[in-house]
Amino acid sequence: MLARGKIILFLNLCDFGMKNQEVARIFRDTATMLELKGENPFRIRAYERAAQNIESLTDAIESYVAAGTLTTIAGIGKDLAAKIKEIIETGKLTYYQELKKEVPKGLVAMLEIPGLGPKTVKAIYDALKIDSVEKLEVAAKSGKLANIEGIREKTQENILKGIALVKQANMRIPLAFAASIADSFVEELKKNKYTGSIEVAGSLRRLKDTVRDVDILVTSEEPAKVMDTFVKNPLVERILAHGETKSSVIAGENNIQVDLRVVSKENFGSALMYFTGSKEFNIRMRSLALKRDCKISEYGVFKTSGKEEKWVAGKQEKDIFSFFNMEYITPELREDRGEIEAALKHELPHLLELKDIKGDFHVHSRYSDGTAQISEIAFAVQKRGYQYVGVCDHSRSLKIANGLSIKEVHQKKEEIQKINEKSNTRLLLGTEVEIDSQGKLDYPASVLKEFDLVVAAIHSGFKQSKAQLTRRMVKACENKYVNIIAHPTGKLWGVREAYDIDLDEVFKVAADCRVAMEINCHPQRVDLNDINAMRAKKNGVKISLGTDSHILDQLSIMELGVSTARRSWLTKEDVLNCMNLEELLKWLKKQ
Ligand code: DGT
Ligand code: CA
């Protein structure tokens, strides 16, 4: 399973409901600009509502444009309809572009700080003329913000924490975002007739959850022409270097660095291995080579005797592995976590693959905050060839996500039973139930026992102490109705760090109580990550993959979860989603 095929799919996942999302985003940004300018609150609200309504449409917005029915969407009048038409036809909105010019650029950057909304940004700007993240940081550190009305000591602290998060997030971006950028470059380069072989290397090829920069390798008889195509890519924001054999650019919305290297055809394999890394893996391979009187570098494997060096392998990666008489190590495993030793003994694990996945345990329907009806979910998962799907909606106390009352749970149950009578895919009546601050669940036992699948999760009270959070999670695992814990560390890229919790303690209890831990596939979550999923496995805990889909196209991000599972050395036996329906139902029955 090589990265190329995957990356194309990643691009699709970033394309989901693309135009609907794009229009909604532009409207939301317009609302933000209006707010920064201190405009009429009713107008601001109108854009926000329109964005929300467009996001929850199940049909593509283009179809409304084509049919001339935009004004049938709630909150869309003639004026907004014309604006939507402009966005669909031209890809942008002149009104928004003009507004953006009127607002200092730095204010927009300040909005990226978690918890800092347009109102506060405007208040800070009006009071102290602060118009950049840098100035904001200085002011917060010196305590100046506290003099502004509505800003408390605590807000100041949160702003500083937020700035640190943004800085960190800007350094590494989620795999799926980087993959989509890499893919655009690769597609463009492939159109150039002088491009020979081409591969993405680095952490992206290893499918690491976050990526600092994108490394692309090509072979070419006319490197200068390939480099030209590369630096002229429309995604390029800035050219850092434009050379004969290496060029670097900053590209895309996330300002990620993309490097292109031209390497020789004869040593494409050794260059690919070197630039795929990881650095730790390379170091280990080098010492292995030394022990065998060899040298390994990006230019190939050389047999050494005295001062003599003889090239022995390097055209393809697999030649290098065979030369050392070891199994081929898939890029996901190249982290020096024991894979080299295992490959030498021909004992690498048989990692799970996307085709082994028989269902998804975490899909939201329209009953809570998803956009699809249950019947649509049934159809979509059947198309993916699944045997089952857990339709897990939020529970009653999570009002913001439209959590289900007990009455609604019963309605949903009835609907699911009806669909199950005629569907080939089994819908599991599920819930993503809130774990409260004490570790208690949001429904009584009498309701919990009605579900086929109980996924428990924390969505509030992240700031408890480590002991409290651990106790809370342990208690949830001990609840006899719980089957899975969703996104166990709460990490959300660019928004919040993982909360402080004793995972080993939780894993031990989970193993005893037969509770699985989720790898949440969402690109900004990847939670558990590879390290934690390995720890879970070591403790005897089963892993479940959940896409946390809120719209149907997100079902395809299962692939990201599979990548993480593979990086965690997981096999079919470790993962709940690889069970067939019969085995699964047996596993779920705990009482
Ligand atoms: P990233 O970019 O931080 O997400 O992670 P990588 O692994 O893509 O790292 P990067 O882009 O710095 O380098 C790409 C590969 O090149 C890396 O995985 C291994 C190789 N490499 C880079 N620097 C060194 C080094 O100092 N020693 C060795 N042995 N290999 C290196
Ligand atoms: Ca890299």
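As the structure lists them, so they are numbered: ligands from 1, and atoms in each ligand from 1.
- A cation-pi arrangement, defined by a distance under 6.0 Å to the six-membered ring centre and an angle within 45 degrees of its axis, is absent between K318 and Y328.
- Side-chain contact, S278 with R334: no donor N or O sits under 3.5 Å from an acceptor N or O.
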**Intermediate values then yes/no, salt bridge (Lys or Arg N to Asp or Glu O under 4.0 Å), R284 and E335** = CA-CA 10 Å; R284 198 46 165 263; E335 300 290 345; over 6 Å; no

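- Within ligand 1, the atoms closer than 4.0 Å to a non-hydrogen atom of G202 are 8 (O), numbered from 1 in the order shown.
- The protein non-hydrogen atom at the shortest distance from atom 14 (C) of ligand 1 is F275 O, 3.5 Å.
- At least one side-chain heavy atom of R472 sits less than 4.5 Å from a side-chain heavy atom of I435.
- Looking at D213, its N, O or S atom nearest to the Ca ion (ligand 2) turns out to be OD1.
- The single protein non-hydrogen atom nearest to atom 9 (O) of ligand 1 is R212 NH2, 4.3 Å, given as residue, atom name and distance.
- Atom CD of E221 is surrounded by 12 or fewer heavy atoms from other residues, nucleotides or ligands within 6.0 Å.
- In this structure, atom 1 (P) of ligand 1 lies nearest to the protein heavy atom S203 OG, 3.4 Å.
- With hydrogens left out, the protein atom closest to atom 16 (O) of ligand 1 is Y274 O, 3.6 Å, a heavy atom.
- Nearest protein heavy-atom contact of atom 30 (N) of ligand 1 is N282 ND2, 3.3 Å.
- When each atom of ligand 1 is checked for a heavy atom of R286 under 4.0 Å away, the hits are 29 (N).
- Listed by number with element, the atoms of ligand 1 under 4.0 angstrom from any heavy atom of T276 are 18 (O).
- With 3.5 Å as the limit, one finds no donor-acceptor pair spanning the side chains of H487 and E518.
- What sits closest to atom 17 (C) of ligand 1 on the protein, heavy atoms only, is G277 CA, 3.9 Å.
- Counting only N and O atoms by type, the side chains of T304 and D293 include no donor and acceptor under 3.5 Å apart.
- Remark: minimum distance from atom 7 (O) of ligand 1 to any protein heavy atom is reached at R206 NH1, 2.9 Å.
- When each atom of ligand 1 is checked for a heavy atom of V211 under 4.0 Å away, the hits are 4 (O).
- Looking only at N/O/S atoms, D215 comes nearest to the Ca ion (ligand 2) through OD2.
- Under 3.5 Å, the side chains of S248 and D259 contain a donor-acceptor pair of N or O atoms.
- The protein heavy-atom contact nearest to atom 27 (N) of ligand 1 is K279 CG, 3.6 Å.
- Annotation for ligand 1: atoms under 4.0 Å from non-hydrogen atoms of D213 are 2 (O), 11 (O).
- With ring centers used as reference points, H522 lies 6.0 Å or more from H550.
- Among the candidates K208, R535, R337, the single residue satisfying the salt bridge (Lys or Arg N to Asp or Glu O under 4.0 Å) test with D530 is R337.
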